[in-house]
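The figures that follow rest on heavy atoms only: side chains count, while hydrogens, waters and symmetry mates do not.
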Amino acid sequence: MKPFSLLIKPASADCNLRCKYCFYLDHCSMYPESKIHRMSEQTLENMIRSFMEIPMEQYAFGWQGGEPTLMGVNFFRKAIEFQKKYGYANKTVANGLQTNCTLIDQEFAEFLAEYKFLLGVSLDGPAEIHDYYRLDAGGGPTHAKVLTGIEYLRKAGVEFNILTLVNDRNSRDGKLVYRYLVDNGFNYQQYIPCVEFDKNGEILPFAVQPERWGEFLCEIYDQWRTTDTRKVSIRLFDSLVNYFYDGTRNCCNMGTDCRHYFVVEHNGDVFPCDFFVRPDLRLGNVSDTKWQDMANSETYKNFGALKSLWNEGCANCKFLEICAGCCLKNRFRQGDDPKQLSWLCKGWKIFYEHALPGLKELAQELKREHMLAAQRQRAVSAKTAPTKTAKPNDPCPCNSGKKFKKCCGRK
């Protein structure tokens, strides 16, 4: 079976914030039998046990929401307990957690550090930008609370990335957002476009406009390329450099088949993608359906195949090899026709025209650096390699054909 990872929604769409652009909050209506959604211990165990029965080198668990920290630290302690129970030698387990960081305290941070969780922390920029959309349930600002949570993470030594949702507000201030993050020591960054349509296929007011998406990325790129390529990691740029370095596609947007992971809802229901948690795309449940059966289901296969059914305008586009038609979410404007042109198409073209030459050049720089480093290492290894001492009856190292004791060994 092809390796896969899990993206888990243990608290479903439940969240302590009310971000105005949140696309997942409405998913609570999928499970109207309860106002509060929490994954049970039995469902947690069923999920981990069945997943870790699949032969793979690494088991990757991504905990997301809503807000997954609503589950409390003891839920994640139980998850670790089950991972240990069902794990076995020579296999690794990776845990990631995406959070708004407002519920992180010292205890939670120390636990995350102990078990090497990698966190993604949502932060849209400085306070005046972040608090424009990211409000708490009472309509109050959250920026200060996020920074408090980040301080707990830093003190405990938790590794984390910053996840910035690029919307109509912060897309106008790319340079400001980037400098704010870097000046505060946030050197691992990911920028995600906010694209949401209403029921009539009209773009919602908080979404990023196509041209602004491209111009925002160009602003970020120009800042990064000038001084920060060896200091700051930006996922999109890293993914493109990796592709030009060795052809690796490590970003799902660049793939031609949308079958990279499974989403697990709080009750164990499984879906093919975070953006497509819908009743008609339900693949099964961790308590009664095998992963192999879900992976082989026609629903999952058909969903994956939609990615390469791109718009006819994409076929002759010089950027198709890296864009692959863009994410299906940005193409499904009206209905589920994958041949609709991505909302972000113009923006991607602006960015690619501007940045790809420099990113290709950087990939070549890294190749040269790695090649020179490898040559230096080989030279050092040759100088420090231990010399084998010949024994008396061994053939003499001088190739005289005599035994060592009757040749050089008697000198």
Side-chain angles (χ1 to χ4, degrees), residues 1-12 27 30-31 37-66 68-98 111-112 114-120 248-250 252 255 257-305 307:
M1 185 176 179
K2 179 183 176 182
F4 61 93
S5 60
L6 299 185
L7 184 61
I8 307 149
K9 309 275 191 175
S12 189
H27 285 69
M30 283 184 58
Y31 302 101
H37 308 90
R38 300 290 185 270
M39 180 174 283
S40 70
E41 184 175 314
Q42 187 60 62
T43 298
L44 176 66
E45 182 170 14
N46 289 342
M47 176 186 68
I48 293 175
R49 175 190 50 74
S50 61
F51 181 39
M52 299 190 75
E53 286 175 350
I54 305 295
M56 288 191 291
E57 290 301 313
Q58 175 175 281
Y59 299 92
F61 296 82
W63 307 92
Q64 201 186 59
T69 59
L70 284 172
M71 300 299 299
V73 68
N74 286 336
F75 171 84
F76 292 98
R77 287 197 175 101
K78 182 59 68 172
I80 294 295
E81 181 181 316
F82 288 140
Q83 289 172 356
K84 291 179 177 179
K85 178 179 179 180
Y86 295 109
Y88 49 101
N90 301 320
K91 304 296 179 182
T92 59
V93 174
N95 284 289
L97 187 147
Q98 185 172 334
F111 164 80
L112 296 170
E114 180 181 1
Y115 291 101
K116 296 180 172 56
F117 276 64
L118 174 62
L119 265 63
T248 300
R249 299 175 185 268
N250 61 8
C252 71
D257 189 313
C258 286
R259 289 181 293 175
H260 304 284
Y261 64 92
F262 291 106
V263 173
V264 183
E265 256 288 347
H266 75 289
N267 65 345
D269 285 348
V270 178
F271 302 88
C273 175
D274 186 27
F275 298 123
F276 294 92
V277 175
R278 306 183 329 201
D280 62 311
L281 291 175
R282 181 181 178 275
L283 303 174
N285 189 285
V286 298
S287 297
D288 57 27
T289 315
K290 294 181 179 180
W291 294 106
Q292 183 76 52
D293 292 339
M294 289 188 276
N296 291 333
S297 69
E298 289 302 310
T299 299
Y300 195 48
K301 290 179 180 179
N302 292 339
F303 177 80
K307 186 64 159 64

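- Arg249 is linked by a salt bridge (charged side-chain N to carboxylate O under 4.0 Å, His left out) to nothing, counting only residues two or more places apart in sequence or in another chain.
- Taking 4.5 Å as the limit, every side-chain heavy atom of Leu118 sits out of range of all side-chain heavy atoms of Asn95.
- If you take CD on Glu265 and NZ on Lys9, they are separated by 7.5 Å, rounding to the nearest 0.5 Å.
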Start with the C-alpha distance between Lys85 and Glu45, add both sets of side-chain angles, then the distance that settles side-chain contact (heavy atoms from CB on, under 4.5 Å), and finish with yes or no. CA-CA 10 Å; Lys85 178 179 179 180; Glu45 182 170 14; 3.2 Å; yes
Evaluate the criterion side-chain contact (heavy atoms from CB on, under 4.5 Å) for residue pair Ile8 and Met47; output intermediate values, then yes/no. CA-CA 10 Å; Ile8 307 149; Met47 176 186 68; 3.7 Å; yes
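- The OG atom of Ser50 sits 10.5 Å away from the CG atom of Asp288 when rounded to the nearest 0.5 Å.
- The two residues Cys258 and Lys307 make their nearest non-hydrogen contact at SG-CD, 3.6 Å.
- Contact of the Val270 side chain with the Val263 side chain is not registered, since no non-hydrogen atoms from C-beta on lie closer than 4.5 Å.
- Residues satisfying the side-chain contact (heavy atoms from CB on, under 4.5 Å) test with Glu41, not counting sequence neighbours, are Lys78, Phe82.
- Ion pair Arg49/Glu53 flagged as a salt bridge, since at least one NZ, NE, NH1 or NH2 atom sits closer than 4.0 Å to an Asp/Glu carboxylate oxygen.
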Give the C-alpha distance, both sets of side-chain angles, the deciding distance and a yes or no for ring pair (Phe, Tyr, Trp, His ring centres under 6.0 Å) between Phe4 and Phe51. CA-CA 9 Å; Phe4 61 93; Phe51 181 39; 5.2 Å; yes
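- Ring geometry for Phe276 against Phe303 counts as perpendicular: the plane angle is over 60°, on a 0 to 90° scale with 30° as the lower cut.
- With hydrogens and angles ignored, the 3.5 Å screen pairs a side-chain donor or acceptor of Tyr261 with a backbone N or O of Asp274.
- With rounding to the nearest 0.5 Å, the separation of CE in Met1 from CD1 in Ile54 is 5.0 Å.
- With sequence neighbours left out, the side-chain contact (heavy atoms from CB on, under 4.5 Å) criterion links Asp293 to Thr289, Lys290.
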Would you please test Tyr31 and Asp269 for side-chain hydrogen bond (donor to acceptor under 3.5 Å, both in side chains) and show each step? CA-CA 11 Å; Tyr31 302 101; Asp269 285 348; 3.1 Å; yes
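- Between Phe111 atom CZ and Arg77 atom CZ the span is 6.5 Å, to the nearest 0.5 Å.
- Nearest heavy-atom pair, Ser12 versus His266, reported as atom, atom and distance to 0.1 Å: CB-ND1, 3.7 Å.
- The side chain to side chain contact (heavy atoms under 4.5 Å, CB included) test with Phe61 is passed by exactly one of Ile48, Ile80, Leu7, Leu97: Ile48.
- For Glu57, the side-chain contact (heavy atoms from CB on, under 4.5 Å) criterion is met by Lys91, not counting sequence neighbours.
- Taking both residues in full, the closest heavy atoms of Ala11 and Arg38 are given as CB-NH1, 3.9 Å, listed atom of the first, atom of the second, then distance.
- Within the model, atoms CD of Gln83 and CG of Leu44 stand 8.5 Å from one another, a figure rounded to the nearest 0.5 Å.
- Ser287 meets the side-chain contact (heavy atoms from CB on, under 4.5 Å) test with Asn46, Asn285; sequence neighbours excluded.
- By the ring-ring contact (aromatic ring centres under 6.0 Å, His included) test, Tyr86 pairs with no residue at all, sequence neighbours left out.
- With ring centers used as reference points, Phe262 lies 6.0 Å or more from Phe271.
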Would you check, one step at a time, whether the test side-chain contact (heavy atoms from CB on, under 4.5 Å) holds for Phe75 with Met39? CA-CA 9 Å; Phe75 171 84; Met39 180 174 283; 4.1 Å; yes
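- Using cut-offs of 30° and 60° on the angle between ring planes, the pair Phe76 and Trp63 is perpendicular.
- By the 4.5 Å heavy-atom criterion applied to side chains, Met52 and Val93 are counted as neighbours.
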Could you walk me through whether Val277 and Met30 pass the side-chain contact (heavy atoms from CB on, under 4.5 Å) test, one step at a time? CA-CA 9 Å; Val277 175; Met30 283 184 58; 3.9 Å; yes
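- Atom CG of Asn267 and atom OG of Ser40 lie 9.0 Å apart (nearest 0.5 Å).
- Summarising the geometry of Pro272 relative to Leu281, their closest heavy-atom pair is CD-O, 3.3 Å, with the distance given to 0.1 Å.
- Pairing each heavy atom of Lys301 with each of Ala295, the nearest pair is CG-O, 4.3 Å.
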